[in-house]
Amino acid sequence: MITLSQIRENPEQVIQRLAIKHIDAIATIHQILDLDDRKKTAQKKLDDNLSQSNAIAKEIGIIFKQGKAADADLLKEKSANLKNVAKELSSEFDRLKEELDALLVALPNVPHSSIKPGRTAEDNEIIRSSGEVFTKEAAPLPHWDLSARYDLIDFGLGSKITGAGFPVYKKQGARLQRALINFFLDQALAAGYQEIQPPYLVNEASAFGTGQLPDKDAQMYYVQLDDLYLIPTAEVPVTNLYRDQILKVDDLPVKNVAYSACFRREAGSYGKDVRGLNRLHQFDKVEIVQITRPEYSYRTLEEMVQYVTGLLEKLELPYRVVKLCGGDISFASAMTYDMEVFAAGQQKWLEVSSVSNFETFQSNRMKLRFKDETGKTALAHTLNGSALALPRIVAALLEDNQTAEGIRIPAALIPFTGFDFIK
RNA sequence: GGAGAGAUGGCAGAGUGGUCGAAUGCGGCGGUCUUGAAAACCGUUGACCUCUUACGGGGUCCGGGGGUUCGAAUCCCUCUCUCUCCGCCA
(Lines give C-alpha, C1' and ligand atoms only; values in the text may rest on other atoms or scores of the structure.)
Protein backbone atom coordinates (compact mmCIF):
# COMPACT_ATOMS: atom_id res chain seq x y z
CA MET A 1 0.00 0.00 0.00
CA ILE A 2 1.02 3.57 -0.53
CA THR A 3 2.82 4.99 2.48
CA LEU A 4 1.18 7.73 4.51
CA SER A 5 4.28 9.87 4.18
CA GLN A 6 4.00 9.63 0.39
CA ILE A 7 0.49 11.06 0.64
CA ARG A 8 1.37 13.66 3.23
CA GLU A 9 4.38 14.93 1.31
CA ASN A 10 2.68 15.33 -2.01
CA PRO A 11 -1.05 14.62 -2.05
CA GLU A 12 -1.55 16.36 -5.40
CA GLN A 13 1.01 14.15 -7.09
CA VAL A 14 -0.60 11.00 -5.68
CA ILE A 15 -3.98 12.14 -6.99
CA GLN A 16 -2.57 12.92 -10.43
CA ARG A 17 -0.71 9.64 -10.72
CA LEU A 18 -3.71 7.59 -9.61
CA ALA A 19 -5.73 9.37 -12.29
CA ILE A 20 -3.40 7.68 -14.79
CA LYS A 21 -4.76 4.38 -13.47
CA HIS A 22 -8.23 5.92 -13.91
CA ILE A 23 -8.82 6.22 -10.19
CA ASP A 24 -10.47 9.35 -8.92
CA ALA A 25 -8.80 9.59 -5.53
CA ILE A 26 -9.39 13.25 -4.68
CA ALA A 27 -12.02 12.60 -2.03
CA THR A 28 -10.19 9.60 -0.59
CA ILE A 29 -6.86 11.37 -0.30
CA HIS A 30 -8.41 14.30 1.52
CA GLN A 31 -10.28 11.95 3.77
CA ILE A 32 -7.02 10.16 4.54
CA LEU A 33 -5.25 13.40 5.43
CA ASP A 34 -8.13 14.45 7.64
CA LEU A 35 -8.29 11.08 9.40
CA ASP A 36 -4.55 11.13 9.92
CA ASP A 37 -4.75 14.53 11.63
CA ARG A 38 -7.57 13.37 13.85
CA LYS A 39 -5.73 10.17 14.64
CA LYS A 40 -2.66 12.10 15.76
CA THR A 41 -4.71 14.34 18.00
CA ALA A 42 -6.37 11.31 19.51
CA GLN A 43 -3.03 9.64 20.04
CA LYS A 44 -1.60 12.67 21.82
CA LYS A 45 -4.54 12.72 24.22
CA LEU A 46 -4.30 9.01 24.84
CA ASP A 47 -0.53 9.10 25.34
CA ASP A 48 -0.81 11.94 27.85
CA ASN A 49 -3.44 10.00 29.74
CA LEU A 50 -1.34 6.84 29.80
CA SER A 51 1.67 8.83 30.86
CA GLN A 52 -0.23 10.06 33.92
CA SER A 53 -1.44 6.57 34.76
CA ASN A 54 2.09 5.24 34.50
CA ALA A 55 3.36 7.93 36.85
CA ILE A 56 0.68 7.14 39.42
CA ALA A 57 1.37 3.42 39.25
CA LYS A 58 5.00 4.07 39.95
CA GLU A 59 4.14 6.31 42.86
CA ILE A 60 1.91 3.63 44.34
CA GLY A 61 4.72 1.16 43.96
CA ILE A 62 7.01 3.36 46.03
CA ILE A 63 4.35 3.89 48.72
CA PHE A 64 3.81 0.14 49.00
CA LYS A 65 7.51 -0.44 49.42
CA GLN A 66 7.51 2.02 52.26
CA GLY A 67 4.73 -0.02 53.86
CA LYS A 68 2.15 2.75 53.84
CA ALA A 69 -0.44 0.90 51.79
CA ALA A 70 -3.33 2.91 53.18
CA ASP A 71 -1.94 6.09 51.64
CA ALA A 72 -2.38 4.68 48.17
CA ASP A 73 -6.18 4.69 48.14
CA LEU A 74 -6.52 8.24 46.87
CA LEU A 75 -4.07 7.58 44.07
CA LYS A 76 -5.85 4.38 43.15
CA GLU A 77 -9.08 6.27 42.75
CA LYS A 78 -7.36 8.87 40.59
CA SER A 79 -5.90 6.17 38.43
CA ALA A 80 -9.26 4.47 38.03
CA ASN A 81 -10.75 7.70 36.76
CA LEU A 82 -7.93 8.12 34.28
CA LYS A 83 -8.50 4.60 33.11
CA ASN A 84 -12.13 5.28 32.35
CA VAL A 85 -11.15 8.19 30.17
CA ALA A 86 -8.38 6.14 28.57
CA LYS A 87 -10.89 3.53 27.47
CA GLU A 88 -12.81 6.09 25.45
CA LEU A 89 -9.68 7.70 24.06
CA SER A 90 -8.31 4.34 23.10
CA SER A 91 -11.42 3.21 21.25
CA GLU A 92 -11.58 6.55 19.47
CA PHE A 93 -7.97 6.10 18.39
CA ASP A 94 -8.57 2.52 17.25
CA ARG A 95 -11.63 3.54 15.28
CA LEU A 96 -9.72 6.28 13.44
CA LYS A 97 -6.80 3.98 12.76
CA GLU A 98 -9.06 1.29 11.35
CA GLU A 99 -10.87 3.74 9.14
CA LEU A 100 -7.58 5.12 7.88
CA ASP A 101 -6.09 1.70 7.19
CA ALA A 102 -9.19 0.59 5.31
CA LEU A 103 -8.81 3.54 2.94
CA LEU A 104 -5.06 3.06 2.49
CA VAL A 105 -5.33 -0.66 1.81
CA ALA A 106 -7.91 -0.12 -0.91
CA LEU A 107 -5.75 2.33 -2.89
CA PRO A 108 -3.76 0.88 -5.78
CA ASN A 109 -0.09 1.65 -6.21
CA VAL A 110 0.92 4.95 -7.71
CA PRO A 111 2.24 4.39 -11.24
CA HIS A 112 5.68 5.60 -12.28
CA SER A 113 5.80 9.08 -13.85
CA SER A 114 6.50 7.60 -17.28
CA ILE A 115 3.30 5.57 -17.42
CA LYS A 116 0.87 6.68 -20.14
CA PRO A 117 -2.81 7.06 -19.32
CA GLY A 118 -4.21 4.49 -21.77
CA ARG A 119 -7.35 2.50 -21.10
CA THR A 120 -6.83 -1.03 -22.37
CA ALA A 121 -4.20 -3.41 -23.71
CA GLU A 122 -4.72 -1.68 -27.08
CA ASP A 123 -3.07 1.41 -25.64
CA ASN A 124 0.08 -0.34 -24.43
CA GLU A 125 3.33 0.82 -25.91
CA ILE A 126 5.38 -1.63 -27.94
CA ILE A 127 8.95 -1.02 -26.87
CA ARG A 128 10.64 -3.36 -29.28
CA SER A 129 10.13 -6.44 -31.41
CA SER A 130 12.51 -9.22 -32.26
CA GLY A 131 12.84 -9.31 -36.00
CA GLU A 132 10.29 -10.88 -38.30
CA VAL A 133 7.37 -13.04 -37.41
CA PHE A 134 7.98 -16.25 -39.23
CA THR A 135 5.51 -18.75 -40.50
CA LYS A 136 7.14 -21.69 -42.17
CA GLU A 137 3.95 -23.48 -42.97
CA ALA A 138 1.44 -22.06 -45.33
CA ALA A 139 -1.40 -22.96 -42.98
CA PRO A 140 0.08 -23.45 -39.50
CA LEU A 141 -2.04 -25.32 -37.02
CA PRO A 142 -2.91 -24.08 -33.54
CA HIS A 143 -1.29 -25.99 -30.69
CA TRP A 144 -4.46 -27.79 -29.64
CA ASP A 145 -4.53 -29.52 -33.02
CA LEU A 146 -0.82 -30.25 -32.85
CA SER A 147 -0.96 -31.61 -29.32
CA ALA A 148 -3.78 -33.92 -30.35
CA ARG A 149 -1.96 -35.07 -33.45
CA TYR A 150 1.21 -35.97 -31.52
CA ASP A 151 -0.57 -36.95 -28.30
CA LEU A 152 1.20 -34.36 -26.15
CA ILE A 153 -1.59 -32.83 -24.10
CA ASP A 154 -4.98 -34.28 -23.26
CA PHE A 155 -7.53 -31.64 -22.36
CA GLY A 156 -10.47 -34.02 -22.23
CA LEU A 157 -8.74 -36.28 -19.75
CA GLY A 158 -8.02 -33.29 -17.50
CA SER A 159 -11.69 -32.33 -17.62
CA LYS A 160 -12.62 -35.85 -16.63
CA ILE A 161 -10.45 -36.04 -13.55
CA THR A 162 -10.68 -32.39 -12.46
CA GLY A 163 -12.40 -29.99 -14.80
CA ALA A 164 -11.76 -27.56 -17.62
CA GLY A 165 -8.45 -25.76 -17.43
CA PHE A 166 -6.52 -28.67 -15.90
CA PRO A 167 -4.77 -30.36 -18.82
CA VAL A 168 -2.91 -33.63 -18.66
CA TYR A 169 0.52 -33.59 -20.30
CA LYS A 170 1.66 -36.84 -21.85
CA LYS A 171 4.71 -38.45 -23.42
CA GLN A 172 6.87 -35.91 -25.23
CA GLY A 173 4.48 -33.19 -24.04
CA ALA A 174 5.25 -34.02 -20.41
CA ARG A 175 8.95 -34.28 -21.11
CA LEU A 176 8.99 -30.95 -22.93
CA GLN A 177 7.32 -29.40 -19.90
CA ARG A 178 9.91 -30.83 -17.53
CA ALA A 179 12.74 -29.80 -19.86
CA LEU A 180 11.53 -26.21 -19.93
CA ILE A 181 11.35 -26.02 -16.14
CA ASN A 182 14.92 -27.28 -15.82
CA PHE A 183 16.13 -25.02 -18.60
CA PHE A 184 14.61 -21.93 -16.96
CA LEU A 185 15.94 -22.81 -13.52
CA ASP A 186 19.45 -23.47 -14.82
CA GLN A 187 19.44 -20.20 -16.73
CA ALA A 188 18.36 -18.28 -13.63
CA LEU A 189 21.02 -19.97 -11.53
CA ALA A 190 23.66 -18.95 -14.07
CA ALA A 191 22.35 -15.38 -13.84
CA GLY A 192 22.91 -15.34 -10.08
CA TYR A 193 19.49 -16.23 -8.73
CA GLN A 194 19.12 -18.50 -5.72
CA GLU A 195 16.73 -21.39 -6.10
CA ILE A 196 13.77 -21.68 -3.76
CA GLN A 197 11.12 -24.36 -3.48
CA PRO A 198 8.18 -22.66 -1.81
CA PRO A 199 4.95 -24.02 -0.34
CA TYR A 200 2.01 -23.96 -2.72
CA LEU A 201 -0.45 -22.92 -0.06
CA VAL A 202 -0.12 -19.69 1.87
CA ASN A 203 -1.88 -18.03 4.77
CA GLU A 204 -3.86 -14.83 4.75
CA ALA A 205 -0.97 -12.61 5.85
CA SER A 206 1.10 -13.75 2.88
CA ALA A 207 -1.70 -13.23 0.41
CA PHE A 208 -2.17 -9.76 1.85
CA GLY A 209 1.55 -8.98 1.75
CA THR A 210 1.95 -9.23 -1.99
CA GLY A 211 -1.40 -7.56 -2.66
CA GLN A 212 -3.61 -10.49 -3.65
CA LEU A 213 -5.83 -9.75 -0.67
CA PRO A 214 -8.16 -8.05 -0.26
CA ASP A 215 -8.28 -6.94 -3.89
CA LYS A 216 -8.04 -10.18 -5.86
CA ASP A 217 -9.42 -12.82 -3.50
CA ALA A 218 -11.79 -14.11 -6.18
CA GLN A 219 -8.76 -15.04 -8.27
CA MET A 220 -7.37 -17.51 -5.70
CA TYR A 221 -8.50 -20.96 -4.71
CA TYR A 222 -9.29 -20.97 -1.02
CA VAL A 223 -9.07 -23.99 1.27
CA GLN A 224 -11.71 -23.16 3.80
CA LEU A 225 -11.05 -25.98 6.22
CA ASP A 226 -7.52 -24.76 6.89
CA ASP A 227 -7.91 -21.11 5.96
CA LEU A 228 -5.21 -21.27 3.27
CA TYR A 229 -4.91 -20.06 -0.29
CA LEU A 230 -3.42 -21.89 -3.27
CA ILE A 231 -0.73 -19.68 -4.73
CA PRO A 232 -1.59 -17.91 -7.99
CA THR A 233 2.18 -17.42 -8.50
CA ALA A 234 5.41 -18.23 -6.65
CA GLU A 235 5.76 -14.47 -6.15
CA VAL A 236 3.50 -14.78 -3.12
CA PRO A 237 5.51 -17.24 -1.00
CA VAL A 238 8.91 -16.14 -2.31
CA THR A 239 8.42 -12.44 -1.57
CA ASN A 240 6.78 -13.17 1.77
CA LEU A 241 9.90 -15.05 2.84
CA TYR A 242 11.11 -11.60 3.86
CA ARG A 243 7.94 -10.33 5.49
CA ASP A 244 8.59 -8.51 8.80
CA GLN A 245 12.32 -8.49 8.20
CA ILE A 246 14.98 -5.84 8.30
CA LEU A 247 17.64 -6.87 5.80
CA LYS A 248 21.25 -5.77 5.96
CA VAL A 249 22.61 -3.71 3.05
CA ASP A 250 24.95 -6.60 2.28
CA ASP A 251 21.95 -8.89 1.79
CA LEU A 252 20.78 -6.75 -1.11
CA PRO A 253 19.93 -7.34 -3.82
CA VAL A 254 18.04 -10.51 -2.97
CA LYS A 255 17.69 -12.55 -6.17
CA ASN A 256 15.47 -15.61 -5.93
CA VAL A 257 14.05 -17.97 -8.47
CA ALA A 258 11.36 -20.54 -7.90
CA TYR A 259 9.49 -23.05 -9.97
CA SER A 260 5.95 -23.67 -8.86
CA ALA A 261 2.61 -24.76 -10.08
CA CYS A 262 0.21 -21.81 -10.10
CA PHE A 263 -3.50 -21.92 -9.43
CA ARG A 264 -5.97 -19.37 -10.69
CA ARG A 265 -9.72 -19.45 -10.61
CA GLU A 266 -9.93 -17.05 -13.58
CA ALA A 267 -13.43 -16.12 -12.50
CA GLY A 268 -15.16 -13.98 -15.04
CA SER A 269 -12.80 -14.72 -17.89
CA TYR A 270 -14.75 -17.56 -19.44
CA GLY A 271 -14.94 -17.56 -23.19
CA LYS A 272 -12.03 -15.14 -23.60
CA ASP A 273 -8.98 -16.72 -25.21
CA VAL A 274 -9.51 -19.88 -23.23
CA ARG A 275 -8.85 -22.36 -25.99
CA GLY A 276 -6.07 -24.90 -25.44
CA LEU A 277 -3.24 -23.72 -23.23
CA ASN A 278 -4.05 -20.03 -23.44
CA ARG A 279 -5.72 -19.73 -20.06
CA LEU A 280 -5.60 -22.46 -17.43
CA HIS A 281 -6.58 -23.00 -13.81
CA GLN A 282 -3.33 -24.79 -13.08
CA PHE A 283 -0.08 -24.10 -14.87
CA ASP A 284 3.66 -24.19 -14.31
CA LYS A 285 5.83 -21.13 -14.01
CA VAL A 286 9.36 -20.21 -13.08
CA GLU A 287 9.35 -16.89 -11.28
CA ILE A 288 12.20 -14.50 -10.50
CA VAL A 289 11.94 -12.17 -7.51
CA GLN A 290 14.30 -9.38 -6.53
CA ILE A 291 14.51 -7.14 -3.50
CA THR A 292 16.61 -4.04 -3.99
CA ARG A 293 17.46 -0.65 -2.59
CA PRO A 294 15.05 1.98 -3.91
CA GLU A 295 17.69 3.74 -5.99
CA TYR A 296 18.46 0.59 -7.97
CA SER A 297 14.99 -0.80 -8.60
CA TYR A 298 14.40 0.64 -12.06
CA ARG A 299 17.81 -0.43 -13.26
CA THR A 300 16.92 -3.88 -11.91
CA LEU A 301 13.60 -3.82 -13.75
CA GLU A 302 15.39 -3.22 -17.06
CA GLU A 303 17.89 -5.93 -16.23
CA MET A 304 15.08 -8.40 -15.55
CA VAL A 305 13.44 -7.55 -18.88
CA GLN A 306 16.79 -8.17 -20.56
CA TYR A 307 17.07 -11.49 -18.80
CA VAL A 308 13.60 -12.61 -19.90
CA THR A 309 14.04 -11.55 -23.54
CA GLY A 310 17.37 -13.40 -23.49
CA LEU A 311 15.45 -16.58 -22.65
CA LEU A 312 13.06 -15.99 -25.52
CA GLU A 313 15.97 -15.52 -27.88
CA LYS A 314 17.52 -18.79 -26.75
CA LEU A 315 14.18 -20.44 -27.46
CA GLU A 316 14.21 -18.77 -30.89
CA LEU A 317 10.72 -17.38 -30.39
CA PRO A 318 9.58 -14.15 -32.05
CA TYR A 319 8.72 -11.74 -29.24
CA ARG A 320 7.94 -8.17 -28.40
CA VAL A 321 8.28 -6.10 -25.27
CA VAL A 322 5.23 -4.09 -24.24
CA LYS A 323 5.07 -1.39 -21.62
CA LEU A 324 1.70 -1.38 -19.94
CA CYS A 325 -0.44 1.74 -19.86
CA GLY A 326 -2.26 3.07 -16.81
CA GLY A 327 -5.44 1.16 -17.55
CA ASP A 328 -3.73 -2.20 -17.95
CA ILE A 329 -1.18 -2.07 -15.14
CA SER A 330 -1.99 -4.09 -12.03
CA PHE A 331 -3.22 -2.92 -8.65
CA ALA A 332 0.16 -3.35 -6.95
CA SER A 333 2.54 -2.37 -9.74
CA ALA A 334 4.25 0.94 -10.43
CA MET A 335 5.63 -0.18 -13.78
CA THR A 336 5.16 -3.36 -15.79
CA TYR A 337 6.59 -4.74 -18.98
CA ASP A 338 4.87 -7.67 -20.67
CA MET A 339 6.76 -9.98 -22.94
CA GLU A 340 4.69 -11.52 -25.70
CA VAL A 341 5.57 -14.26 -28.17
CA PHE A 342 3.96 -14.80 -31.52
CA ALA A 343 2.04 -18.03 -31.91
CA ALA A 344 1.89 -18.74 -35.62
CA GLY A 345 -0.97 -21.22 -35.49
CA GLN A 346 -3.27 -18.75 -33.79
CA GLN A 347 -1.75 -15.71 -35.48
CA LYS A 348 -1.71 -14.10 -32.05
CA TRP A 349 0.69 -12.51 -29.59
CA LEU A 350 0.61 -14.39 -26.28
CA GLU A 351 1.72 -12.87 -22.97
CA VAL A 352 4.37 -15.16 -21.51
CA SER A 353 5.96 -12.88 -18.94
CA SER A 354 5.08 -9.88 -16.89
CA VAL A 355 7.89 -8.06 -15.11
CA SER A 356 6.96 -5.46 -12.51
CA ASN A 357 8.44 -3.01 -10.07
CA PHE A 358 6.24 -2.62 -7.02
CA GLU A 359 8.50 -0.04 -5.40
CA THR A 360 7.42 0.04 -1.72
CA PHE A 361 3.84 -1.07 -2.32
CA GLN A 362 4.41 -4.66 -1.23
CA SER A 363 7.22 -3.94 1.21
CA ASN A 364 5.03 -1.47 3.07
CA ARG A 365 2.31 -4.08 3.40
CA MET A 366 4.71 -6.71 4.65
CA LYS A 367 7.08 -4.43 6.57
CA LEU A 368 10.05 -5.51 4.52
CA ARG A 369 12.86 -3.07 5.30
CA PHE A 370 16.59 -2.76 5.09
CA LYS A 371 19.13 -0.92 7.19
CA ASP A 372 21.49 1.27 5.18
CA GLU A 373 25.13 1.99 5.99
CA THR A 374 24.17 4.92 8.19
CA GLY A 375 21.93 2.66 10.29
CA LYS A 376 18.67 4.08 8.99
CA THR A 377 15.87 1.67 8.13
CA ALA A 378 13.81 2.16 5.00
CA LEU A 379 11.34 0.12 2.96
CA ALA A 380 13.00 -1.95 0.25
CA HIS A 381 11.72 -2.21 -3.30
CA THR A 382 10.32 -5.50 -4.56
CA LEU A 383 10.22 -6.72 -8.15
CA ASN A 384 9.23 -9.90 -9.88
CA GLY A 385 8.74 -11.44 -13.26
CA SER A 386 7.82 -14.66 -14.98
CA ALA A 387 10.85 -16.39 -16.39
CA LEU A 388 8.81 -17.93 -17.80
CA ALA A 389 5.18 -19.09 -17.75
CA LEU A 390 5.12 -22.50 -19.37
CA PRO A 391 1.81 -23.10 -21.18
CA ARG A 392 1.93 -20.27 -23.68
CA ILE A 393 5.63 -20.93 -24.28
CA VAL A 394 4.71 -24.52 -25.10
CA ALA A 395 1.91 -23.28 -27.35
CA ALA A 396 4.25 -20.98 -29.26
CA LEU A 397 7.02 -23.58 -29.45
CA LEU A 398 4.63 -26.08 -30.99
CA GLU A 399 2.98 -23.65 -33.38
CA ASP A 400 6.12 -21.86 -34.52
CA ASN A 401 8.28 -24.93 -35.03
CA GLN A 402 5.80 -27.17 -36.80
CA THR A 403 6.73 -28.83 -40.05
CA ALA A 404 4.98 -31.38 -42.15
CA GLU A 405 7.18 -34.09 -40.58
CA GLY A 406 6.81 -33.04 -36.97
CA ILE A 407 7.88 -30.38 -34.49
CA ARG A 408 11.42 -29.11 -34.27
CA ILE A 409 12.97 -28.49 -30.80
CA PRO A 410 15.17 -25.38 -30.46
CA ALA A 411 18.86 -26.23 -30.03
CA ALA A 412 19.13 -24.74 -26.52
CA LEU A 413 16.44 -27.08 -25.28
CA ILE A 414 17.68 -30.36 -26.74
CA PRO A 415 20.08 -31.15 -23.87
CA PHE A 416 17.06 -30.88 -21.56
CA THR A 417 14.46 -32.74 -23.62
CA GLY A 418 16.74 -35.50 -24.79
CA PHE A 419 15.05 -35.40 -28.20
CA ASP A 420 15.23 -32.91 -31.04
CA PHE A 421 12.00 -33.66 -32.82
CA ILE A 422 8.42 -34.46 -31.93
CA LYS A 423 6.82 -36.97 -34.24
C1' G B 1 -5.43 -37.29 15.87
C1' G B 2 -3.98 -38.06 21.61
C1' A B 3 -0.62 -36.52 25.91
C1' G B 4 3.00 -33.18 27.76
C1' A B 5 6.63 -28.95 27.52
C1' G B 6 7.68 -24.29 25.66
C1' A B 7 7.54 -19.21 22.84
C1' U B 8 11.80 -13.03 26.03
C1' G B 9 16.17 -8.17 21.97
C1' G B 10 20.57 -10.41 15.64
C1' C B 11 21.56 -15.23 18.37
C1' A B 12 21.93 -17.82 23.18
C1' G B 13 19.72 -17.20 27.80
C1' A B 14 18.04 -14.91 33.09
C1' G B 15 13.71 -12.64 34.96
C1' U B 16 10.51 -12.10 42.55
C1' G B 17 3.23 -8.60 39.95
C1' G B 18 6.01 -2.77 41.32
C1' U B 19 11.38 2.53 39.05
C1' C B 20 12.11 -3.99 33.31
C1' G B 21 12.85 -2.18 27.09
C1' A B 22 14.29 -6.02 30.29
C1' A B 23 20.49 -9.23 33.70
C1' U B 24 24.42 -11.95 31.42
C1' G B 25 27.11 -14.11 27.31
C1' C B 26 28.00 -14.14 22.03
C1' G B 27 27.68 -11.28 17.73
C1' G B 28 27.69 -6.08 15.54
C1' C B 29 29.64 -1.02 15.77
C1' G B 30 33.24 2.76 17.84
C1' G B 31 37.74 3.45 20.60
C1' U B 32 42.56 2.27 23.36
C1' C B 33 46.82 -0.76 22.43
C1' U B 34 49.54 -2.58 17.61
C1' U B 35 53.63 -1.35 11.73
C1' G B 36 48.93 -4.16 10.63
C1' A B 37 45.78 -7.90 12.57
C1' A B 38 44.33 -11.05 16.62
C1' A B 39 43.87 -11.02 21.88
C1' A B 40 42.80 -7.88 25.95
C1' C B 41 40.38 -3.62 27.83
C1' C B 42 36.70 0.57 27.55
C1' G B 43 32.31 2.29 25.46
C1' U B 44 28.10 1.47 22.42
C1' U B 45 24.28 -1.49 20.17
C1' G B 46 15.97 -3.00 19.10
C1' A B 47 11.46 -1.63 16.33
C1' C B 48 7.28 1.40 15.64
C1' C B 49 4.01 5.74 16.61
C1' U B 50 3.94 10.67 18.31
C1' C B 51 5.04 15.96 20.46
C1' U B 52 8.91 19.85 19.68
C1' U B 53 12.15 24.78 14.95
C1' A B 54 15.70 22.46 18.01
C1' C B 55 17.59 20.54 22.72
C1' G B 56 14.64 16.96 24.48
C1' G B 57 9.93 14.57 25.82
C1' G B 58 5.63 10.99 25.75
C1' G B 59 3.46 6.27 24.20
C1' U B 60 3.40 1.05 22.41
C1' C B 61 5.87 -3.64 21.76
C1' C B 62 8.79 -9.81 26.02
C1' G B 63 4.40 -15.24 19.86
C1' G B 64 -1.18 -12.98 18.52
C1' G B 65 -5.82 -11.51 20.89
C1' G B 66 -8.64 -10.77 25.39
C1' G B 67 -9.00 -10.42 30.89
C1' U B 68 -7.60 -9.57 36.39
C1' U B 69 -4.88 -5.28 38.89
C1' C B 70 -3.54 1.32 40.81
C1' G B 71 0.46 -1.50 38.28
C1' A B 72 1.62 -7.69 34.08
C1' A B 73 7.38 -10.36 30.58
C1' U B 74 5.59 -12.33 35.34
C1' C B 75 -1.48 -14.32 37.14
C1' C B 76 -6.10 -16.11 34.16
C1' C B 77 -8.62 -17.31 29.31
C1' U B 78 -8.01 -18.14 24.15
C1' C B 79 -5.60 -18.70 19.43
C1' U B 80 -1.15 -19.69 16.65
C1' C B 81 3.49 -21.83 16.31
C1' U B 82 7.73 -24.96 18.04
C1' C B 83 9.67 -29.25 20.62
C1' U B 84 9.10 -34.37 22.99
C1' C B 85 6.29 -38.97 23.32
C1' C B 86 2.24 -42.08 21.22
C1' G B 87 -0.89 -43.19 16.93
C1' C B 88 -1.39 -42.84 11.51
C1' C B 89 1.35 -42.22 7.05
C1' A B 90 4.12 -40.29 1.62
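Reckoned from all heavy atoms, side chains included, excluding hydrogens, waters and symmetry mates. The chains referred to below are lettered A, B, ... by the order of the sequence lines, with proteins before strands, and numbering in each begins at 1.
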Original post:
Parallel, tilted or perpendicular: which describes the rings of A:Phe416 and A:Phe183, with under 30° parallel and over 60° perpendicular?
Top reply: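 Geometry flag for A:Phe183 against A:Phe416: perpendicular rings.
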
Subject >> A:His112 and A:Tyr298 aromatic ring geometry - parallel, tilted or perpendicular at 30°/60° bounds >> reply: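 Rings of A:Tyr298 and A:His112: tilted, 30 to 60°.
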
If the [atom1] atom of [N] is compared with that of [M], how far apart are they to the nearest Å?
N: B:C88; M: B:U74; atom1: P; answer: 40 Å
N: B:A7; M: B:C62; atom1: P; answer: 14 Å
N: B:A72; M: B:U60; atom1: C1'; answer: 15 Å
N: B:U16; M: B:U32; atom1: P; answer: 42 Å
N: B:A73; M: B:G67; atom1: P; answer: 15 Å
N: B:C70; M: B:U53; atom1: P; answer: 38 Å
N: B:U84; M: B:U78; atom1: C1'; answer: 24 Å
N: B:C20; M: B:A38; atom1: P; answer: 36 Å

Original post:
Atom CG in A:Leu252, atom CD1 in A:Ile291: separation rounded to 0.5 Å?
Top reply: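 With rounding to 0.5 Å, CG (A:Leu252) is 7.5 Å from CD1 (A:Ile291).
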
Original post:
Can you tell me how far CD1 of A:Ile422 sits from CZ of A:Arg149, rounded to the nearest 0.5 angstrom?
Top reply: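 If I round to the nearest 0.5 Å, the distance is 12.5 Å.
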
In this structure, how many angstroms lie between the [atom2] atom of [N] and the [atom1] atom of [X], rounded?
X: A:Lys87; N: B:C70; atom1: NZ; atom2: P; value: 11 Å
X: A:Asp227; N: B:C81; atom1: CG; atom2: C1'; value: 15 Å
X: A:Asn84; N: B:U69; atom1: CG; atom2: P; value: 12 Å
X: A:Lys83; N: B:U68; atom1: NZ; atom2: P; value: 6 Å
X: A:Leu4; N: B:U50; atom1: CG; atom2: C1'; value: 13 Å
X: A:Leu368; N: B:C48; atom1: CG; atom2: P; value: 13 Å
X: A:Asp244; N: B:G10; atom1: CG; atom2: C1'; value: 15 Å
X: A:Lys376; N: B:G46; atom1: NZ; atom2: P; value: 17 Å

**OP:** Tell me, with the steps shown, if A:Arg95 and A:Arg38 meet side chain to side chain contact (heavy atoms under 4.5 Å, CB included).
**Re:** CA-CA 11 Å; A:Arg95 195 180 58 77; A:Arg38 285 158 62 199; 4.2 Å; yes

Is it true that the side chains of [X] and [Y] contain a donor and an acceptor less than 3.5 Å apart?
X: A:Asp94; Y: A:Ser91; result: no
X: A:Asn278; Y: A:Arg275; result: no
X: A:Glu195; Y: A:Tyr259; result: no

Original post:
Where each residue is assigned the nucleotide of RNA chain B containing its nearest heavy atom, which of A:Ser79 and A:Ile246 is assigned the position nearer the 5′ end?
Top reply: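 By nearest-heavy-atom nucleotide position, the 5'-most residue is A:Ile246.
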
Any-strand Watson-Crick or G-U partner of [N], both distances under 3.5 Å:
N: B:U82; answer: B:A5
N: B:A73; answer: none
N: B:G25; answer: B:C11
N: B:A54; answer: none
N: B:U32; answer: B:A40

**OP:** Would you list the pairs meeting ring-ring contact (aromatic ring centres under 6.0 Å, His included) in which at least one residue belongs to residues 143-181 of chain A, sequence neighbours left out?
**Re:**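 Sorted pair list: A:Phe166-A:His281.
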
Using a heavy-atom cut-off of 4.0 Å across all strands, would you classify [X] as base, sugar-phosphate, or nothing?
X: A:Ser53; answer: nothing
X: A:Lys367; answer: nothing
X: A:Lys371; answer: sugar-phosphate

Original post:
Along nucleotides 51-66 of chain B, 5' to 3', which nucleotides get a B, which get an S, and which get a -, given that the test is a protein heavy-atom distance under 4.0 Å?
Top reply: S------BSS------

Original post:
Which nucleotide, B:G71, B:U19, B:G18, lies nearest any side-chain atom of A:Lys58?
Top reply: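 Out of B:G71, B:U19, B:G18, the nucleotide with an atom closest to A:Lys58's side chain is B:U19.
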
